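Below: one structure, written as structure tokens.
Just so it is clear, the structure is predicted and the values come from calculations on it, not from any experiment.
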Amino acid sequence: MHSSQPAVSHQLASTKRETRTPLLRREPRGVTLTPAGRSVIARSRARTLHDHPRRR
């Protein structure tokens, strides 16, 4: 991702505030996405692919 851990944490916190819902669930062995988190990821991927199509 070419981003530092603090930058990623800051972006996650910002997105959580914007969506007003938790995006991650802390588990004993890491974290998992909540349904809202999966939705944010899916929309982000779709937008990225739409804005930056692969060149073949």
Without placing hydrogens or testing angles, list every side-chain donor-acceptor pair under 3.5 Å for residues 17-26, not counting sequence neighbours.
from, atom 1, to, atom 2, distance (Å)
T19, OG1, T15, O, 3.0
T19, OG1, K16, O, 3.3
T19, OG1, T21, O, 3.4

For residues 35-44, which side-chain donor-acceptor pairs fall under 3.5 Å, sequence neighbours excluded?
from, atom 1, to, atom 2, distance (Å)
R38, NH1, L33, O, 3.1
S39, OG, R43, NH1, 2.9
S44, OG, V40, O, 2.9

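Residues passing the side-chain hydrogen bond (donor to acceptor under 3.5 Å, both in side chains) test with R29, sequence neighbours excluded: none.
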